[in-house]
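Quick note: numbers below take in every heavy atom, side chains included, and nothing from hydrogens, waters or symmetry partners.
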Amino acid sequence: MTDTIFALSSGAPPAAIGVVRISGPLAGDTVEAMTGALPGERRASVRAVKGADGRVLDRALVLWFPGPKTATGEDLAEFHCHGGRAVIAAIEADLAARDGLRRAEPGEFTRRAFANGVIDLAEAEGLGDLLSAETELQRRAAEAAAGGGLSQKVEGWRSRVLGLSALVESQLDFGDEDDVGELPEMFHVELSGLLGEWRRALDAPQIERLKDGIRVVLAGPPNTGKSSLFNALLDEGAAIVSAEAGTTRDVIERPIALGSVPFVLVDTAGLRDDSAGEIERIGIDRARDQLERADIVLWLGDEGRGPDGCLEIGARVDLGDSRKTSPDYEVSVVTGSGIEDLVRGLIENSRNLLPRPGEVALNFRQTSALNDAHEALQGIDEGDDVLLTGERLRLARLALDRLLGRHSTEDMLDALFGRFCIGK
């Protein structure tokens, strides 16, 4: 029998209200024992919540949701009690002492929802992203996935693959046993359209870019104003600024949201060939590594000497020391001139690197599954044996099922739901 679990599902106390959630086969019995009777289904009822010794622990709103049409797919109850630490601790202690009840593990409520078919894996991943979203763009992308946007799209793709499989089966059933004919033209038209959609989805920016942030690396020789610009963009003194060459010896990273777009600003050691010592050489090697990993490079060195595609930054314009004839942006950290224009430029450059607002985006795992489906169908040629074509379609269906979590390993599920908070 499935355990009955409980946890605080609201914010940490003290708070105005604390929501204690109970899920499992003993949820109804527990509510009845602690309040005297079950309230009406899906209706809030004010009850005295009593402990096993009969003492009143709190007066709370009690809600009862019989399964399977609940958030977890099983019997579910909630106590909406006062949010003081002592009140919540008393209710949780009483629940923990009852036979058959235990505290929930992180993400266990959502995992039960997945196991009971309330949500699929793509929706669960979207919910996890929603819980960790820190910017509006992250929230909108996660909401699209958690709300089933990706799942509906994948189900549509799967139905179309099933339709192609039906054409194959029809050809096998009604074709000449000794000479099975070619598949109809509509098969190849539909196949081409499906592959095109998958290719566009695979080529689109992945959700990890939105979660991790766009890496903006400030690079150039020593004393070109990298750390000063880094601090100005952050509006804090994160990096040491000095006239001494080679002050920045290591990589400094700071996450920041600009116009709701997540960025990671990276300040690096000055690039030069005649480095002063071993420590500075290590910093320069790390700076070159950051250039390889950068999404956007702000180049503060001599014009034309930066990596391909970099943004040429004319710094120190207040000193007449930009050293550039046609920079993309001219800034002064002293007067603040040009900083807002640079920020707008970074946001503009991010548009092609991030999923479009509200658009469903794939994560790495989902991309891998869809790529397997794409490779399976991409190998179909007009002259292929029909049986071989049917097998490729079957492999594509399995890949789409894996995308939705219909074939998932316990290790992968542990990793996913383990990053949820307790009570979710």
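Atom CZ of Phe263 is separated from atom CD1 of Ile214 by 5.0 Å, given to the nearest 0.5 angstrom. For the atom pair Leu202 CG and Thr367 OG1, the distance stands at 6.5 Å (nearest 0.5 Å).
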- Candidate pair Arg199 and His374, rule side chain to side chain contact (heavy atoms under 4.5 Å, CB included), full reasoning: CA-CA 8 Å; Arg199 187 69 269 161; His374 186 273; 3.8 Å; yes
- Item | CA sep, side-chain torsions, deciding dist, call: Leu191, Leu164, side chain to side chain contact (heavy atoms under 4.5 Å, CB included) | CA-CA 8 Å; Leu191 176 62; Leu164 294 175; 4.3 Å; yes
- Lys153/Glu197 under salt bridge (Lys or Arg N to Asp or Glu O under 4.0 Å): CA gap, chis, key distance, verdict: CA-CA 11 Å; Lys153 186 181 289 290; Glu197 287 186 32; 5.8 Å; no
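Judged by distance alone, the side chain of Asp94 and the main-chain N or O of Ala52 form a donor-acceptor pair under 3.5 Å. Here the side chain of Ser165 pairs a donor or acceptor atom with the backbone of Val161 at under 3.5 angstrom. Without hydrogens or angle criteria, Arg209 side chain to Leu354 main chain gives no donor-acceptor distance under 3.5 Å. Under the 3.5 Å distance criterion, the side-chain polar atoms of Asn116 are matched with a main-chain donor or acceptor of Arg112. Within the 3.5 Å criterion, the main-chain N or O of Phe230 finds no donor-acceptor partner in the side chain of Asp267.
Summarising the local packing, CG of Asp53 is surrounded by more than 12 heavy atoms from other residues, nucleotides or ligands at distances under 6.0 Å. Counted within 6.0 Å of CG on Asp385, heavy atoms from surrounding residues, nucleotides or ligands total more than 12; the atom is thus considered enclosed. Summarising the local packing, CD1 of Ile17 is surrounded by 12 or fewer heavy atoms from other residues, nucleotides or ligands at distances under 6.0 Å.
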Without placing hydrogens or testing angles, list every side-chain donor-acceptor pair under 3.5 Å for residues 30-38, not counting sequence neighbours.
| residue | atom | partner | partner atom | Å |
| --- | --- | --- | --- | --- |
| Thr30 | OG1 | Leu26 | O | 2.7 |
| Thr35 | OG1 | Val31 | O | 2.6 |
| Thr35 | OG1 | Ala37 | O | 3.0 |

With a 3.5 Å cut-off and sequence neighbours excluded, list the donor-acceptor pairs that the side chains of residues 75-87 form with protein atoms.
| residue | atom | partner | partner atom | Å |
| --- | --- | --- | --- | --- |
| Asp75 | OD1 | Gly67 | N | 2.7 |
| Glu78 | OE1 | His80 | NE2 | 2.9 |
| Glu78 | OE2 | Arg21 | NE | 3.2 |
| Glu78 | OE2 | Arg21 | NH2 | 3.1 |
| His82 | ND1 | Asp58 | OD1 | 2.8 |
| His82 | ND1 | Asp58 | OD2 | 3.2 |

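Lys69 has no carboxylate O lying under 4.0 Å from a charged side-chain N of Glu74, or vice versa, which leaves the two without a salt bridge. One finds no salt bridge joining Glu105 and Arg111 here, because no Lys/Arg side-chain nitrogen approaches an Asp/Glu carboxylate oxygen to under 4.0 Å. A salt bridge does not link Glu155 with Arg158: every distance from a Lys NZ or Arg NE/NH1/NH2 to an Asp or Glu carboxylate oxygen is 4.0 Å or more.
By the side chain to side chain contact (heavy atoms under 4.5 Å, CB included) test, Glu253 pairs with Arg215, Val251, Val264, Val266, Gln290, sequence neighbours left out. Not counting sequence neighbours, Glu123 has no partner by the salt bridge (charged side-chain N to carboxylate O under 4.0 Å, His left out) test. Residues meeting the side chain to side chain contact (heavy atoms under 4.5 Å, CB included) test with Glu41, sequence neighbours left out: Trp64, Pro66. Applying the side chain to side chain contact (heavy atoms under 4.5 Å, CB included) criterion to Glu348, with sequence neighbours excluded, gives Arg351.
Between the side chains of Gln206 and Asn363, no donor-acceptor pair of N or O atoms lies under 3.5 Å.
Relative ring orientation between Trp198 and Trp157 is described as perpendicular, the plane-to-plane angle rising above 60° on a 0-90° scale split at 30° and 60°.
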